[in-house]
Amino acid sequence: MRRSIPILLAVALATPLSATSAAAQTPPKTPAAVPAAPRAPAVQYVRVEGVDYMFHIPTTIKPGLTVFNLVNMGQDVHAMTVLVLPANKTMHDFLDAFVPTGKVPSWTPVLGETGTIKPGAEAFVTLRLKPGKYVLACLINAKDGRTHTEVGMVQMVTAK
């Protein structure tokens with residue numbers, strides 16, 4: 001009987017080992033495909049120099065997420081408002097409607113704007129531009145009562 005106990009013990013110990021080794025030989029299940037993380041959108045940086053009384057900026061930029069950096073290179077305070085110019089309107093139409101009243105025409109939606117900045121300062125505004133035309137305007141009143149837009153601080157930009 002003494003010999004049968006070690007044999008029974010050996011058989012009992014071998015059974016879990018063989019089950020474990022059989023499971024180890026089974027290839028693991030392939031995990032479900034993990035979707036790739038979405039790529040961050042490309043961000044376009046556009047430097048805009050505001051000088052008394054005009055903007056220096058490229059007239060054509062790319063559509064998409066855009067950071068406008070207004071740098072005040074003039075002697076007066078400035079700001080920049082970005083307006084959507086409808087496809088059926090021109091810069092001339094905008095100015096014809098704006099100059100008599102000093103107010104943005106109702107058909108020109110405001111997309112965004114910077115705060116007012118002192119000479120030598122800078123401000124940022126981040127916008128998502130669709131392909132189309134935009135008006136950049138400084139709507140601050142000048143000392144003579146006209147707006148900076150009326151004296152020339154206005155620029156059309158095309159996103160394409």
List the atom pairs, with distances to 0.1 Å, where a side-chain N or O of residues 107-120 and a protein N or O form a donor-acceptor pair under 3.5 Å, not counting sequence neighbours.
| from | atom 1 | to | atom 2 | distance (Å) |
| --- | --- | --- | --- | --- |
| Glu113 | OE1 | Thr81 | OG1 | 3.3 |
| Thr114 | OG1 | Met80 | N | 3.0 |

Exercise. Taking the side chain from Lys133 and the backbone from Lys89, do they hold a donor-acceptor pair closer than 3.5 Å?
Worked result: yes
Exercise. Under a single-linkage definition using a 4.5 Å side-chain heavy-atom cutoff for Ile, Leu, Val, Met, Phe, Trp and Tyr, are Leu70 and Val51 assigned to the same hydrophobic cluster?
Worked result: no
Seminar exercise, completed: In short, Lys62 meets Gln44 closest at the heavy-atom pair O-NE2, 2.6 Å
Exercise. Any side-chain heavy atom of Phe68 sitting closer than 4.5 Å to one from Leu127?
Worked result: yes
Exercise. Can any side-chain N or O of Asp96 pair as donor or acceptor with the backbone N or O of Asp93 at less than 3.5 Å?
Worked result: no
Problem set entry | Distance (rounded to the nearest 0.5 Å) between His56 NE2 and Arg47 CZ | 11.0 Å
Exercise. Is there a path of hydrophobic side-chain contacts, each under 4.5 Å between heavy atoms of I, L, V, M, F, W or Y residues, that connects Phe55 with Tyr134?
Worked result: yes
Problem set entry | Criterion side-chain contact (heavy atoms from CB on, under 4.5 Å) against Val154, the qualifying member of Thr147, Leu95, Leu83, Leu139 | Leu95
Exercise. Taking a hydrophobic cluster as the set of Ile, Leu, Val, Met, Phe, Trp and Tyr residues connected by side-chain heavy atoms closer than 4.5 Å, whether directly or through intermediates, do Tyr45 and Ile61 fall within one such cluster?
Worked result: no
Problem set entry | Shared hydrophobic cluster for Val151 and Val48 (ILVMFWY, side-chain gaps under 4.5 Å) | yes
For this session: Supply the atom-to-atom distance Leu136 CG to Gln155 CD, rounded to the nearest 0.5 angstrom.
Result: 7.5 Å
For this session: Check whether Val135 and Phe98 end up in the same hydrophobic cluster, where Ile, Leu, Val, Met, Phe, Trp and Tyr are linked by side-chain heavy atoms less than 4.5 Å apart.
Result: yes
For this session: Would you check if the distance from the ring center of His78 to the ring center of Tyr53 is below 6.0 Å?
Result: yes
For this session: Taking the side chain as every heavy atom from C-beta outward, state whether Ile57 and Val46 have any pair of such atoms under 4.5 Å apart.
Result: yes
For this session: Given side chain to side chain donor-acceptor pair (under 3.5 Å), test Glu122 with Asn69 step by step and report yes or no.
Result: CA-CA 7 Å; Glu122 61 184 348; Asn69 175 206; 3.2 Å; yes
Exercise. Do the non-hydrogen side-chain atoms of Thr59 and Met156 ever get within less than 4.5 Å of each other?
Worked result: no
Exercise. Would Ile140 and Val77 count as a side-chain contact (heavy atoms from CB on, under 4.5 Å) if you check the C-alpha gap in whole Å, the side-chain angles of each, and the deciding distance to 0.1 Å?
Worked result: CA-CA 8 Å; Ile140 294 175; Val77 295; 4.2 Å; yes
Seminar exercise, completed: Between Met153 and Gly50, the two heavy atoms sitting closest are CE-CA, 3.7 Å
For this session: Please lay out, stage by stage, how Thr66 and Val43 fare under the test side-chain contact (heavy atoms from CB on, under 4.5 Å).
Result: CA-CA 6 Å; Thr66 304; Val43 178; over 6 Å; no
